[in-house]
Amino acid sequence: MVGSSPQRATLDDWIAQDAIPFSITGSPESTHAQFDRVIAAMGDGVELLGFGEALHGGEEILMLRNRLFQRLAEEHGYSAIALEGCSMPGVSVLDDYVAGRDSISYEAAANSGFGQGFRELAANRELVEWMRRYNADLPRRGDSHRVQIRFYGFDIPTAGYCIASPSRALHVVLDYISSSDTASSDKGEDRRRRIEELLGPDSDWENPAAYADPTKWVGLSPHAAALRIETEDLISELRTRRPELVARSDEERYLEAMQHAFLARQLLNYHAALARKSDAAVLLGIRDALMADNLAYIVNRERPRGKVFAFAHNSHLQRGKAILPWYSFWPAGSHLREIFGKRYAVIGSGVGVSDENGIGVPESGTLEARLTSRAEPALLVPTREGDGLPVAEIAALPTRSGSTMNPSYMALSPQSITNFDWLAVLHSTGYSRGGPPLQKLPESRTA
């Protein structure tokens with residue numbers, strides 16, 4: 001936050017004096033002034049702005065995401081959006097689509113670029129189609145301060161409901177080294193044959209039956225162990241040959257190959273953890289560390305052109321440790337804070353009521369109850385990491401009950417004040433158009 005923080009005697013004073021009311025049911029222009037105030041308050045130094053969703057599939061939260069990114073791209077120098085629900089090797093198809101470089105349909109691009117369950121959401125299609133129109137209209141506008149906007153994914157790659165094989169990432173690296181060498185190399189061909197033999201078919205890695213029978217995971221097999229050594233050797237070669245490889249290609253292609261090598265390493269680590277029957281905290285830790293690395297790569301790639309807007313669940317983008325009822329882990333946002341410092345800012349979101357998502361009226365005294373007590377349908381409120389706010393009152397905040405239907409819902413907590421720079425809290429939200437049907441959860445999952 002820019003400037004010193006005013007002192008607020010109570011949380012109600014904080015909400016009354018600092019909250020910015022807004023609505024997303026009117027025209028997009030109606031939210032411009034509110035968004036501009038938030039961006040100005042964060043300062044010009046922010047290079048990566050995260051926006052977290054309180055649950056997967058909140059219709060109004062997705063609409064807010066779309067409107068916020070549109071304003072960021074049009075007026076605040078943002079050149080890219082990165083979503084949780086896409087995998088890195090396949091997302092270039094969606095980026096080609098929004099850039100108008102490919103004549104394929106949206107459906108074909110979404111099938112390749114979006115992760116499981118996200119391609120059907122109508123709000124995602126609306127975002128992508130707006131980006132395509134925006135890019136197509138740039139030549140007519142002739143605005144020198146605007147650039148084509150890019151679409152990225154930053155989550156760990158998946159295939160169906162399984163973590164992807166490392167083969168796609170490794171082939172990107174092998175192809176890059178091969179294309180950068182001036183002559184064919186027997187050594188390079190021998191290495192490619194070794195790696196392909198060790199990989200075997202993708203179906204061995206992407207085997208849904210392994211969830212029921214963990215002995216089917218291949219991540220600790222002798223072939224997988226040898227493949228991890230081959231991957232480390234590839235990373236070492238990329239590093240030691242960097243001056244040569246950059247001169248023969250360019251910096252961007254080199255960094256892309258290096259990022260795919262890191263991606264292959266983490267995929268192998270994840271598959272090994274699956275084979276060890278590691279608990280969810282270990283798996284999420286690996287996943288989120290990769291998310292942070294991917295976002296850091298995206299920011300570095302975009303730096304000459306503009307800033308980056310990232311969208312994912314609150315639990316991935318928050319700055320502090322994610323503490324869930326069953327486990328805890330260090331999320332991507334905690335790594336990003338270490339990498340970028342104040343150049344990373346994040347807006348978290350909360351919801352008052354959502355019948356479609358099984359979220360009832362928030363209990364008295366909870367953060368959601370306080371923030372939805374006003375008449376306005378939605379508020380943006382700065383947290384300033386708790387600076388100037390009543391510490392004892394924050395610590396005493398109760399946490400509201402969860403959802404009876406949407407397992408991804410997470411309530412706000414006292415830690416939300418320090419986990420996010422701003423909170424966007426909506427009185428209510430529906431369930432996404434195109435989302436998979438929700439069913440009532442067991443009582444043990446609703447606490």
Side-chain angles (χ1 to χ4, degrees), residues 1 5 8 11 14-15 18-20 38-39 41-43 46-56 58 61 64-65 68 82 84 154 281 284-285 287-289 291-292 295-296 309-352 362 365-372 378-400 402-403 408-426:
M1 297 297 295
S5 301
R8 303 301 183 213
L11 289 178
W14 165 59
I15 296 167
D18 295 347
I20 301 172
V38 172
I39 303 307
M42 290 180 181
V46 172
E47 289 187 276
L48 174 62
L49 174 61
F51 178 42
E53 56 179 350
L55 70 160
H56 288 320
I61 295 175
L64 175 56
R65 174 205 65 185
L68 178 55
E84 171 189 347
F154 67 93
L284 282 167
R287 177 188 175 193
D288 274 62
M291 283 179 154
L295 282 169
F309 180 61
F311 179 76
H313 196 278
N314 277 347
S315 62
H316 292 303
L317 295 179
Q318 67 183 51
R319 287 193 303 250
K321 194 170 190 178
I323 302 173
L324 307 181
W326 306 279
Y327 45 80
S328 60
F329 65 99
W330 290 105
S334 65
H335 295 282
L336 293 167
R337 185 180 193 181
E338 296 300 317
I339 296 169
F340 291 106
K342 293 296 184 182
R343 292 178 293 140
Y344 173 61
V346 58
I347 303 168
S349 66
V351 174
T366 61
L367 200 48
E368 286 89 347
R370 291 168 181 264
L371 289 164
T372 58
L379 296 176
L380 284 158
V381 57
T383 65
R384 293 184 291 271
E385 299 187 48
D387 188 21
L389 301 182
V391 175
E393 193 177 359
I394 292 172
L397 280 170
T399 301
R400 69 173 299 175
S403 167
S408 70
Y409 174 67
M410 286 183 58
L412 299 177
S413 69
Q415 289 71 40
S416 299
I417 303 294
T418 52
N419 279 339
F420 303 103
D421 295 284
W422 286 75
L423 294 174
V425 181
L426 285 66

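A 4.5 Å side-chain heavy-atom check between Arg319 and Asp421 finds at least one atom pair inside the cut-off. Side-chain atoms of Ile339 and Leu295, non-hydrogen and from C-beta on, never get closer than 4.5 Å to each other. Annotation: side chain of Asn314 is not in contact with side chain of Asn419 (no heavy-atom distance under 4.5 Å). Considering only heavy atoms from C-beta on, Leu367 comes within 4.5 Å of Ile417 through its side chain. Side-chain contact between Val46 and Ile39: absent, with no pair of heavy atoms (C-beta onward) separated by less than 4.5 Å. Here the side chains of Met42 and Ile347 are in contact, with some heavy-atom distance below 4.5 Å. Counting heavy atoms from C-beta on, the side chains of Trp14 and Arg370 never come closer than 4.5 Å. Residues Val346 and Leu336 are not in side-chain contact: their nearest non-hydrogen atoms beyond the backbone lie 4.5 Å or more apart.
The backbone N or O of Ile323 sits nowhere less than 3.5 Å from a side-chain atom of Ser328 that would complete a donor-acceptor pair. The main-chain N or O of Arg400 is never found under 3.5 Å from a side-chain atom of Thr366 such that the two would form a donor-acceptor pair. Listed for the Thr383 side chain is a donor-acceptor partner under 3.5 Å among the backbone atoms of Phe420. Between the Trp326 side chain and the Ala281 main chain, no donor and acceptor come within less than 3.5 Å of each other. Gln318 places a side-chain N or O within donor-acceptor distance of the main-chain N or O of Lys321, the cut-off being under 3.5 Å. Looking at Ser349, its side chain does come within 3.5 Å of a backbone N or O of Ala54 through a donor-acceptor pair.
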**Asked** Would Ile20 and Trp422 count as a side-chain contact (heavy atoms from CB on, under 4.5 Å) if you check the C-alpha gap in whole Å, the side-chain angles of each, and the deciding distance to 0.1 Å?
**Response** CA-CA 11 Å; Ile20 301 172; Trp422 286 75; 3.8 Å; yes
**Request:** Output, in order, the C-alpha distance, side-chain angles, deciding distance and verdict of side-chain contact (heavy atoms from CB on, under 4.5 Å) for Thr418 and Ile394.
**Result:** CA-CA 10 Å; Thr418 52; Ile394 292 172; over 6 Å; no
**Request:** Give the intermediate values and the outcome of side-chain contact (heavy atoms from CB on, under 4.5 Å) for residues Glu84 and Met291.
**Result:** CA-CA 8 Å; Glu84 171 189 347; Met291 283 179 154; 3.8 Å; yes
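Residue Gly365 comes nearest to Pro398 through the heavy atom pair O-CD, 3.4 Å, listed as atom of the first residue, atom of the second, then distance. Closest non-hydrogen pair, Phe154 versus Ala312, comes out as CZ-CB, 3.7 Å. Nearest heavy-atom pair, Pro331 versus Gly320, reported as atom, atom and distance to 0.1 Å: CG-O, 3.2 Å. Across every non-hydrogen atom of Leu412 and Glu368, the tightest pair is N-OE2, 2.7 Å. Between Leu380 and Ala424, the shortest heavy-atom distance links the atoms CD2-CB, 3.6 Å. Across Val351 and Tyr409, no two heavy atoms sit closer than the pair O-OH, 3.9 Å.
To the nearest 0.5 Å, the span separating OG on Ser416 from CG on Leu397 amounts to 9.0 Å. Between Phe329 atom CZ and Asp288 atom CG the span is 4.5 Å, to the nearest 0.5 Å. Note that the OG atom of Ser315 and the CE atom of Met410 stand 5.5 Å from one another [nearest 0.5 Å]. Note that the NE2 atom of His316 and the OG atom of Ser334 stand 12.0 Å from one another [nearest 0.5 Å].
When each of Ile15, Thr372, Asp18, Leu426 is tested with Leu379 by the rule side chain to side chain contact (heavy atoms under 4.5 Å, CB included), just one qualifies, namely Ile15.
Ring geometry, His56 versus His313: the interplanar angle exceeds 60°, so the pair is classed perpendicular (tilted spans 30 to 60°).
With respect to Arg8 and Glu393, no salt bridge is recorded, no charged nitrogen being found less than 4.0 Å from a carboxylate O. A salt bridge links Arg337 with Glu385: at least one charged nitrogen is closer than 4.0 Å to a carboxylate oxygen.
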